[in-house]
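Notes follow the structure.
Small disclaimer: the values here were computed from a predicted structure and weren't measured. If you read the sequence from its start, that first residue is 1, and numbering goes on from there.
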Amino acid sequence: GTVGPQQQSADTGYTYTATPQKSVQLGEFGRVSTSWFADAAFLGDSLTAGFCANEYNIDVGGALICGYRSISPNTIVNRPSIYEYAILSGAAFVMLALWQWLLAANQPAKLYILLGTNALVQTGNEDSFINYYARMLDELRAALPNTTFYVQSILCATQETVEDDAPGLSPDHIGPINQQIKALCEER
């Protein structure tokens, strides 16, 4: 039906009002089947890693999923050298080595990038974050010259999470950062 003020039954003693809100989103570009993702890869943090574990119950049509918890642009830029991989132990280093190799070996036609949320939980490192993001995009472009990049915006947290322990994930803070990421993409 319609959205607008609604009077609840008289016995509750409450009145609830809903006001119409225009959705802030891009227009639909067309629907695709899961085969669209057959030549795609996803690179990201725990939000992307959820595809691997099928936590979201989304079929990405056999796409290569390169997701690891807490990854950020500086993690990718400052990855250890191949010689350090032999010395260092730990899942993070092994995963970075695999991602680097898998992405380069597969040369996906499409790369979806969603990472950096954890790096922005606290405020104060925005300039460093953007610099690393730019370097990450440059390195990925050099490794994947024929790949189309789909850089996804960083998501805001709920107001409760922002107030409790993540002030950097408020809409007022994330909005300008996403604008800077958009500008980086337009430049590159």
Partners meeting side-chain hydrogen bond (donor to acceptor under 3.5 Å, both in side chains) with [X] (sequence neighbours left out):
| X | result |
| --- | --- |
| Thr34 | none |
| Ser70 | Asn118 |
| Glu163 | Gln159 |
| Ser72 | Asn74, Thr75 |

Which atom of [X] lies closest to which atom of [Y], heavy atoms considered:
| X | Y | result |
| --- | --- | --- |
| Val121 | Asp165 | CG1-O, 3.3 Å |
| Leu103 | Leu144 | O-CD2, 3.3 Å |
| Pro145 | Gln107 | CD-OE1, 3.8 Å |
| Leu114 | Thr48 | O-OG1, 3.5 Å |
| Val77 | Glu139 | CG1-OE2, 3.9 Å |
| Met136 | Ile113 | CE-CG2, 4.1 Å |

Side-chain atoms of residues 170-178: list all donor-acceptor pairs with protein atoms under 3.5 Å, sequence neighbours left out, distances to 0.1 Å.
unit_1 : atom_1 : unit_2 : atom_2 : d
Ser170 : OG     : His173 : N      : 3.3
His173 : ND1    : Gly168 : O      : 2.6
His173 : NE2    : Glu126 : OE2    : 2.4
Asn178 : OD1    : Ile154 : N      : 2.8
Asn178 : ND2    : Ile154 : O      : 2.9

Check your understanding: Taking only residues two or more places apart in sequence or in another chain, which ones pass side-chain contact (heavy atoms from CB on, under 4.5 Å) with Asn106?
Key -> Leu64, Leu102, Pro108
Check your understanding: Under the side-chain contact (heavy atoms from CB on, under 4.5 Å) test, which residues partner Glu160, sequence neighbours left out?
Key -> Thr158, Asp164
**Study point:** Pairwise side-chain contact, Leu43 with Ile65, heavy-atom cut-off 4.5 Å (strictly under)
**Key:**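 Side chain of Leu43 against side chain of Ile65, heavy atoms only: no contact under 4.5 Å found.
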Point to revise | Close side-chain approach of Leu115 to Pro73, heavy-atom, < 4.5 Å | key: yes
Review point. Among pairs that include at least one residue of residues 103-124, which meet salt bridge (charged side-chain N to carboxylate O under 4.0 Å, His left out), considering only residues two or more places apart or in two chains?
Key: Asp39-Lys110
Exercise for review: Output all residues satisfying salt bridge (Lys or Arg N to Asp or Glu O under 4.0 Å) with Arg188, sequence neighbours left out; order by chain, then residue number.
Suggested key: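 Arg188 satisfies salt bridge (Lys or Arg N to Asp or Glu O under 4.0 Å) with Asp138 only.
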Output side-chain donor-acceptor pairs under 3.5 Å for residues 128-135, partner residues at least two apart or in another chain, one line each.
unit_1 : atom_1 : unit_2 : atom_2 : d
Asn131 : ND2    : Asp127 : O      : 3.2
Tyr132 : OH     : Asn78  : ND2    : 3.1

**Study point:** Test ring pair (Phe, Tyr, Trp, His ring centres under 6.0 Å) applied to Tyr150 - qualifying residues, sequence neighbours left out
**Key:** Tyr112
Point to revise | Candidates Ile181, Val151, Ile76 - the one meeting side chain to side chain contact (heavy atoms under 4.5 Å, CB included) with Leu137 | key: Val151
